[in-house]
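Submitted below is the structure of interest, expressed as structure tokens.
Just so it is clear, the model here is predicted, and its values are computed rather than measured. Note on naming: letters A, B, ... go to the chains in the order of the sequence lines (proteins, then strands), and numbering restarts at 1 for each one.
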2 protein chains.
Amino acid sequence: MSVTLDAIDRHILRVLQCDGRISNVELAREVGLSPSPCLRRVRLLEEAGIIDRYVAVLDPAKVGAGLTVFARVWFKTQDAEVTLRFAEAVRRFPEVMECYLTTGECDAVLRIVTADLHSYWRFQADHLTRIPGVLSVKTDVPMETLKRSYELPLR
Amino acid sequence: MSVTLDAIDRHILRVLQCDGRISNVELAREVGLSPSPCLRRVRLLEEAGIIDRYVAVLDPAKVGAGLTVFARVWFKTQDAEVTLRFAEAVRRFPEVMECYLTTGECDAVLRIVTADLHSYWRFQADHLTRIPGVLSVKTDVPMETLKRSYELPLR
DNA sequence: GGATGCTTCGCAAGCTCATTGCGTGAGGTT
DNA sequence: AACCTCACGCAATGAGCTTGCGAAGCATCC
């Protein structure tokens, strides 16, 4: 399902990445089409899976999720058993927004969202470090947000 | 600026975090209201800034942004001059999705999106390490994605 | 204890927008 | 040159958005 994106498709994607709830007529005007072929392109982009979904972006601070931290995790062993149990545990925690297995200095990198430092500390002590197979955790705590973007770069 | 969220508000936010383009009538049915008060609540949540925006989520792999890496950056000095220039530079790079200043082991943490390892290497060598004041960069390269969520946990 | 004010609900009307079918024109192939 | 294909624009229908208005629940105050 390799769809070739032309300039109009990329324009549509750029606009929808900024405003996922723009009306089709306005989107069409924006990209220089009439509504019907514009909607048809959007539907094709959705069916091809290029547009995965539409979501509302909430203000983290205003819904009690003001702190983002990055945790690096080391496992006791790197076998499939440990990583599988780790994956299952991590998927159950709503605080864990992203989790990747790495093969560098550490074994896993997590982006975790909580209300504040105290909440994070409790999460790390009560849940993260108690997942079987976890050897240690190092945390980078952001003091200030320089940038937070939701738009993938479209070449 | 109603900061107090009741159960229905949280229900609305939960649904909109999953599907930001759900129709208002369906959202209303989902949360057990008629369309008009439901829409009114959504508008209030938007005006209060609790709903920041709506965005389309693209499949990174299908738009040439398949690789996510985490970079930790060390500065030569920690003065305002260096961090300010770093912030400006970082905001100009569309590859940098997130950037935080930290006060732990390193000075800044970045989430960077590129097409592949080669593209990242070029970005790091040509741009990231050339920002004035940057001493060194360490990169954690994910081999596998265990979880990627867009839904903030709502207590 | 009852009246008043406030808030939020549901209903209805008007209007915009989404959706589909169909005809047309441009570009490439035989 | 004729044909085929693809994408566009137009028009009609139906669905959903939006707003004003009256009613019900609830707390406050006289």
B:Arg53: what forms a salt bridge (Lys or Arg N to Asp or Glu O under 4.0 Å) with it, not counting sequence neighbours?
-> A:Glu151

Whole-Å distance, A:Leu5 CG to D:dA7 P, equals 13 Å

Earliest and latest nucleotide of DNA chain C, 5' to 3', sitting under 4.0 Å from a non-hydrogen atom of chain B?
-> C:dC9 to C:dC11

What do you reckon, are the aromatic ring centroids of A:Tyr150 and B:Tyr150 less than 6.0 Å apart?
-> no

ring-ring contact (aromatic ring centres under 6.0 Å, His included) involving A:Tyr54 - partner list, sequence neighbours excluded = none

Got a sec, which residues hit salt bridge (Lys or Arg N to Asp or Glu O under 4.0 Å) with B:Glu46, two or more places apart in sequence or on another chain?
-> B:Arg43

Under 4.5 Å side-chain linkage, directly or through intermediates, the cluster mates of B:Phe93 = A:Leu146, B:Leu67, B:Val69, B:Val73, B:Phe75, B:Val82, B:Phe86, B:Val90, B:Val96, B:Leu101, B:Leu110, B:Ile112, B:Leu117, B:Tyr120, B:Phe123, B:Leu128, B:Ile131, B:Val134, B:Val137, B:Val141

Contacts to DNA chain C from residues 10-20 of chain B, heavy-atom cutoff under 4.0 Å, which residues?
-> none

With sequence neighbours left out, which residue pairs that include part of residues 114-138 of chain A fulfil the salt bridge (charged side-chain N to carboxylate O under 4.0 Å, His left out) condition?
-> none

Using the 3.5 Å cut-off, write out each protein N or O paired with an N or O of nucleotides 13-19 of chain D and the distance between them.
{"residue": "D:dC17", "atom": "OP1", "partner": "B:Asn24", "partner atom": "N", "Å": "2.5"}
{"residue": "D:dC17", "atom": "OP2", "partner": "B:Asn24", "partner atom": "N", "Å": "3.2"}
{"residue": "D:dC17", "atom": "OP2", "partner": "B:Val25", "partner atom": "N", "Å": "3.2"}
{"residue": "D:dT18", "atom": "OP1", "partner": "B:Arg43", "partner atom": "NH2", "Å": "3.4"}
{"residue": "D:dT18", "atom": "OP2", "partner": "B:Arg43", "partner atom": "NH2", "Å": "2.5"}

For B:Asp79, all residues meeting salt bridge (Lys or Arg N to Asp or Glu O under 4.0 Å), sequence neighbours excluded | none

Selection residues 87-100 of chain B - residue pairs positive for salt bridge (charged side-chain N to carboxylate O under 4.0 Å, His left out), sequence neighbours left out = A:Arg111-B:Glu98, B:Glu98-B:Arg111

Residue pairs meeting salt bridge (charged side-chain N to carboxylate O under 4.0 Å, His left out), one or both in residues 12-21 of chain B, sequence neighbours left out, come to none

Taking ILVMFWY side chains as joined if any heavy atoms are under 4.5 angstrom apart, and letting links pass through other members, which residues group with B:Met143?
-> none

